[in-house]
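Okay, structure first, notes after.
We number each residue from 1, following the sequence as shown. No experiment lies behind these values; they were computed from the predicted model shown.
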Amino acid sequence: MTRKNASKETIALLIKNARSSILDYEELLKNTELIKARISTFEEAVYLQLILELLSGSLLALYEVCSDLKNMLSTDSLYVKRFHMQMINLSQYEWCKYLVGRDQGGVIPKLINHLYELHKETKELESILQQLRLLGKKCDAELRNITAHYDNPNTMYSKLVTLNDEDVYAKRFGDQLLVHDMILQYVSPVLQTITETLCTNNKECTYSTYTRSVDWSTIIGI
């Protein structure tokens, strides 16, 4: 079956949505960091810190990937596109590694273990962890290593010339957004409670779930 290429209008909309999303991620990240700076007096500071690290980590990764997605779509140069493809792959690989970790060292396993000790429900976090592992398997580990270490320019060039399908990276961004939405659904009730408690001045610190997110699903095929 012949694949239909995205129209110029669709690409332009993707670029516009990416720019808008970057601004939203910046605002949410700023508010998250404001809250993180004020939780040291809470008895449940360990749990709150992990929740906020989960949100911060997800927002930072989306910021990076969204920036490269915008730049990848904005250029006609295949070589520039390839650069941003490899950076998207690197960011997504590291995102999964940060949240999943090794030997229970990721943010989500730490959060699950903490809740397990408190005999609390972890079903939602287990689902997020499962989706992150699936996304991690879609990332190119060899490309990640070449990008991160830059050990051999000849090896890197040989790998980069095989990157010719930007749709792969646009659609994988859709997978990342789905996981991020799961994270938002989990942390939103906690963040809302914290905000209402700490932030009496709405200008200083506000929090809202990313409910006005653009509808990426119809554009990138998720």
Side-chain angles (χ1 to χ4, degrees), residues 3 5-30 32-33 54-100 107 131-151 153 155-184 210 213-222:
R3 186 178 65 191
N5 292 328
S7 66
K8 291 183 179 180
E9 291 77 12
T10 298
I11 293 174
L13 183 58
L14 271 170
I15 294 170
K16 178 182 177 182
N17 288 345
R19 288 172 176 162
S20 176
S21 295
I22 289 169
L23 295 175
D24 288 319
Y25 299 147
E26 284 182 349
E27 183 67 18
L28 269 175
L29 185 59
K30 180 192 73 174
T32 302
E33 293 303 318
L54 174 60
L55 179 60
S56 291
S58 194
L59 288 170
L60 281 170
L62 281 176
Y63 183 91
E64 290 181 356
V65 174
C66 225
S67 297
D68 281 302
L69 179 70
K70 174 181 69 66
N71 292 329
M72 180 184 75
L73 296 171
S74 299
T75 182
D76 293 325
S77 170
L78 179 58
Y79 299 102
V80 176
K81 286 182 182 294
R82 286 170 175 164
F83 171 79
H84 293 294
M85 288 180 203
Q86 74 172 28
M87 296 309 297
I88 289 172
N89 182 77
L90 174 64
S91 293
Q92 290 183 328
Y93 184 97
E94 293 301 318
W95 184 58
C96 293
K97 181 180 176 183
Y98 172 73
L99 294 181
V100 177
V107 173
Q131 293 304 312
L132 280 166
R133 285 171 175 155
L134 291 175
L135 178 59
K137 290 179 180 179
K138 294 181 181 180
C139 297
D140 188 329
E142 180 186 10
L143 178 60
R144 177 267 173 194
N145 292 336
I146 291 172
T147 304
H149 301 298
Y150 207 86
D151 294 328
T155 301
M156 174 174 280
Y157 177 77
S158 297
K159 182 68 175 179
L160 289 181
V161 295
T162 67
L163 305 181
N164 295 309
D165 192 351
E166 61 190 76
D167 286 356
V168 170
Y169 298 91
K171 290 180 179 178
R172 201 195 297 164
F173 176 63
D175 295 336
Q176 186 175 3
L177 281 174
L178 290 175
V179 180
H180 178 70
D181 283 343
M182 295 174 70
I183 291 173
L184 281 183
Y210 189 38
S213 171
V214 294
D215 185 6
W216 293 91
S217 60
T218 58
I219 303 173
I220 57 182
I222 61 175

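The OH atom of Y157 lies 7.0 Å from the CZ atom of R82; values are rounded to the nearest 0.5 Å. Of the inter-residue distances, the one linking L177 atom CG with L184 atom CG reads 10.0 Å to the nearest 0.5 angstrom. Put simply, CG on L78 and CG on L163 are 9.0 Å apart, with the number rounded to the nearest 0.5 Å. Of the inter-residue distances, the one linking S58 atom OG with M182 atom CE reads 11.5 Å to the nearest 0.5 angstrom. In this structure, CD in E64 is found 8.0 Å from CG in L90, a value given to the nearest 0.5 Å. In this structure, CG in D68 is found 9.0 Å from CE in M72, a value given to the nearest 0.5 Å.
Looking only at distances, a side-chain donor or acceptor of N71 sits under 3.5 Å from a matching main-chain atom of S67. Listed for the D175 side chain is no donor-acceptor partner under 3.5 Å among the backbone atoms of L135. In this structure a side-chain-to-backbone donor-acceptor pair under 3.5 Å is present from R172 to K138.
Counting all heavy atoms, side chain and backbone alike, R144 lies closest to N89 at N-ND2, 3.5 Å. Across every non-hydrogen atom of W95 and H180, the tightest pair is CH2-N, 4.4 Å. Of all heavy-atom pairs between G57 and Y98, the closest is CA-CE2, 3.8 Å. Contact record, E166 with L73: OE2-CD2, 3.3 Å, taken as the closest heavy-atom pair. Scanning all heavy atoms of the two residues, the minimum distance from M156 to T147 falls at CE-CA, 3.9 Å. Closest of all the heavy-atom pairs between I183 and L54 is CG2-CG, 3.7 Å.
Side-chain contact between Q131 and L178: absent, with no pair of heavy atoms (C-beta onward) separated by less than 4.5 Å.
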